[in-house]
Amino acid sequence: MLFSRFFIPTVREIPAEAEAVSHILMLRGGYVRQLAAGLYIYLPLAWRVMNRIMRIIREEMDAAGAQEISMPGLHPADIWQKTGRWFDIGDEMFRLKDRGGRDMCLGMTHEEIITWLASTELRSYRQLPQMWYQIQAKFRDEARPKSGILRTREFIMKDSYSFDRDQEGLAESYRKHAGAYHKIFSRCGLRFYQVQSDPGMMGGAAAHEFMAPSPAGEDTVVLCKQCGYAANTELALSVPPPQKSKGDEVGEALEDIPTPNKRTVTEVSAFLKTDPSCFIKSLLLIGDEGPFLALVRGDRELHEKKLRKVAGNFRPARKDEVKNILGVEAGFIGPHNNDLKKIADISLKDGIYITGANKEGFHTKGIKPDVHFQAQWHDIHIAKEGDACANCGSAITLDQAIEIGNIFQLGAKYSVSLKAVYLDENGKERPIIMGSYGIGPARIAAAAVEQNNDKDGIIWPRSIAPFDVEIIPLDFAEKEIQETTETIYRELINEGFEILMDDRDERPGIKFKDADLIGIPYQIVIGKKGLKEGVVELKTRRTKETERVRPSDIISKVRDIFK
RNA sequence: CGGGGCGUAGCGCAGCCUGGUAGCGCGCCUGCUUUGGGAGCAGGAUGCCGGAGGUUCGAAUCCUCUCGCCCCGACCA
């Protein structure tokens with residue numbers, strides 16, 4: 001491909017709207033342009049990257065036994081109404097009506113559609129298992145699109161679905177997907193983890209996410225290097241370190257101490273010169289069955305999702321409710337001397353604590369859990385760096401990461417509501433057991449850029465780079481340079497390589513800068529100086545190392561590198 | 001949805017406070033010179049100052065409304 005004929009609108013200045021590194025570099029490198037919030041045009045370079053990623057995905061999905069299909073992006077509402085998600089999902093779903101006034105939506109995902117298909121076509125255990133996938137646009141009216149192509153309102157997703165007779169079959173399909181995903185992300189040159197994740201609105205039992213570590217990521221994962229425990233913080237368990245008590249500041253007997261106008265843990269802790277871990281944070285919440293207290297240690301944050309799993313739905317109490325229920329304002333409430341239901345974090349199990357006295361302007365010290373109050377004990381705190389692994393006790397670490405793929409064991413949730421059933425060997429009707437599996441190709445591209453760049457630009461992993469090699473003749477008008485360039489260009493193409501050749505009449509500096517920005521992994525620089533000494537230069541984008549090679553040897557050299 | 005920021009030439013920005021000729025750098029076009037890390041000189045083109053209303057003799061600038069984009073948070077199959 002000739003650079004002069006290929007549309008690569010590089011820009012020198014950093015566009016004002018970009019923040020994430022991958023976003024900046026993809027705009028500057030002429031990869032993408034923004035149409036509106038969360039809507040991007042993929043220019044030729046980016047589309048080549050996407051196609052390479054999608055090709056790898058197809059190869060591995062096919063190898064795992066999945067079959068590619070294609071489903072509409074526009075869906076009739078009634079199927080989504082049958083599973084209830086038409087009502088469960090709010091503004092995030094794009095909804096519209098057709099000319100006949102029928103409710104429609106743009107597909108956020110395709111569980112409903114594929115289950116409808118399965119319900120009409122799969123009848124017998126003899127037809128199972130099946131694994132079907134597609135690479136298709138998804139539409140989600142995101143509350144906040146961000147970070148370039150990382151979070152957009154329309155995006156391409158590889159989504160696949162498995163149909164099995166039973167739980168064992170699902171486990172096998174799930175395992176196959178996990179295996180394929182490892183191969184896909186490895187082949188794409190990413191660093192990634194597989195972590196436990198929250199099934200959320202998908203329903204179902206097990207779920208894992210594939211996470212590419214990057215500061216641009218929106219998720220935080222908890223990792224234990226010792227035992228391999230890996231989980232998204234939305235469900236990760238951890239054991240906080242013991243309370244930092246000096247021993248003397250927390251008396252043995254209960255004692256109310258005046259803490260005028262000191263309400264938050266930070267304020268009281270500073271006022272009493274006692275570590276936040278010696279306090280109990282008491283939060284009054286209103287659940288479906290009335291008010292209850294959630295208790296976490298002063299140095300911890302309440303994890304609302306974890307609490308919802310054990311306490312059901314809830315909302316924070318309003319100021320007047322706090323006053324009515326406990327007779328005191330929020331800064332001074334505590335778990336003792338009241339009969340409210342209490343759910344306490346495991347970090348409070350040991351130690352002696354200070355907490356609100358349920359009396360205006362006072363806190364109580366000497367509170368012993370299980371002695372001065374009773375509670376249900378659960379892990380309801382947010383895991384932090386420095387906590388111990390809930391599994392093996394060694395130190396955990398936290399890492400920001402981009403979610404590049406996920407796998408869900410759905411079970412019978414969709415097959416029951418859409419009547420996707422089969423007859424088993426005994427002629428008995430059973431629901432098909434399903435799994436659902438997603439990959440975001442654009443996120444793979446963005447994560448690859450986030451993980452592979454330097455001050456000059458992108459450094460693509462070979463497997464997904466838009467081209468294999470960029471040839472840079474420094475003065476294309478020079479006859480010898482031109483001849484050498486064209487010979488090498490033609491021969492590399494004959495060898496099956498994808499080559500970008502910078503035939504532009506530009507100064508060398510511009511060609512070098514653009515080449516580094518675009519990030520093709522190898523550059524062949526052909527200049528007058530080198531040719532005089534009988535060599536061209538083979539430069540590795542990542543290391544900037546240059547090797548002098550005779551023009552007659554360059555083809556075999558490149559062949560060796562890509563072997 | 002809450003908080004913050006920004007809309008002026010293709011891109012990055014100044015001008016706005018204190019109303020009066022719309023500017024700078026890069027890019028773009030022409031010519032000459034230049035050619036191993038974003039060249040030099042000379043000449044040139046380019047603006048509904050996001051939009052609508054208002055105040056005023058006069059609005060990029062002041063007021064009201066509105067649309068859009070970004071960031072933080074909430075949300076996120």
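Lettering follows sequence order; numbering is per chain, from 1.
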What's [X] touching, base or sugar-phosphate or nothing? Going by heavy atoms closer than 4.0 Å.
X	result
Glu537(A)	base
Asp514(A)	base
Glu218(A)	nothing
Ala36(A)	sugar-phosphate
Ala37(A)	sugar-phosphate
Gly438(A)	nothing
Ser147(A)	sugar-phosphate
Lys539(A)	base
Arg28(A)	base

Say you pick atom [atom1] in [N] and the same atom in [M]; how far apart are they, in whole Å?
N	M	atom1	result
rU46(B)	rC63(B)	C1'	32 Å
rU18(B)	rU56(B)	C1'	16 Å
rC75(B)	rC16(B)	C1'	37 Å
rG23(B)	rA14(B)	C1'	7 Å
rU30(B)	rG5(B)	P	45 Å

Grab the [atom1]-[atom2] distance between [X] and [N] for me, whole Å please.
X	N	atom1	atom2	answer
Lys513(A)	rG37(B)	NZ	P	10 Å
Lys528(A)	rU35(B)	NZ	P	8 Å
Glu13(A)	rC13(B)	CD	P	8 Å
Glu506(A)	rG38(B)	CD	C1'	9 Å

Could you pull out the protein-nucleic contacts involving nucleotides 41-43 of chain B (nitrogen or oxygen on both sides, under 3.5 Å)?
none

Does the distance from a Lys or Arg side-chain N to an Asp or Glu carboxylate O, for Glu533(A) and Arg548(A), drop under 4.0 Å?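 Arg548(A) and Glu533(A): salt-bridged.
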
Presence of Arg507(A) side-chain N/O under 4.0 Å of rU34(B) phosphate oxygens OP1/OP2: no

Does rC72(B) have OP1 or OP2 under 4.0 Å away from a side-chain N or O of Arg144(A)? yes

Return the pairing partner of [N] with a 3.5 Å limit on both distances, Watson-Crick or G-U wobble; otherwise return none.
N	result
rG47(B)	none
rG19(B)	none
rG73(B)	rC1(B)
rC24(B)	rG12(B)
rA60(B)	none
rG31(B)	rC41(B)
rG68(B)	rC6(B)

Any side-chain donor-acceptor pair under 3.5 Å between His23(A) and Tyr40(A)? yes

Output the distance between atom CD1 (Ile380(A)) and atom CG (Leu283(A)), rounded to the nearest 0.5 Å.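 One gets 8.5 Å once the value is rounded to the nearest 0.5 Å.
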
Return the CD1 to CZ distance between Ile8(A) and Arg504(A), rounded to the nearest 0.5 Å. 7.0 Å

On the ring face of Trp86(A), is Arg95(A) found with NZ or CZ under 6.0 Å from the centre and within 45° of the axis?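 Yes, Arg95(A) lies over the aromatic ring of Trp86(A).
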
Toward the 5' end of RNA chain B, by each residue's nearest nucleotide, Lys544(A) or Gly148(A): Lys544(A)

Tell me whether the side-chain N or O atoms of Asp456(A) pair up with the base of rG37(B) as donor and acceptor below 3.5 Å, since no angle test is needed here. no

Which class fits the ring pair Tyr174(A) and Tyr437(A): parallel under 30°, tilted 30 to 60°, perpendicular over 60°? tilted

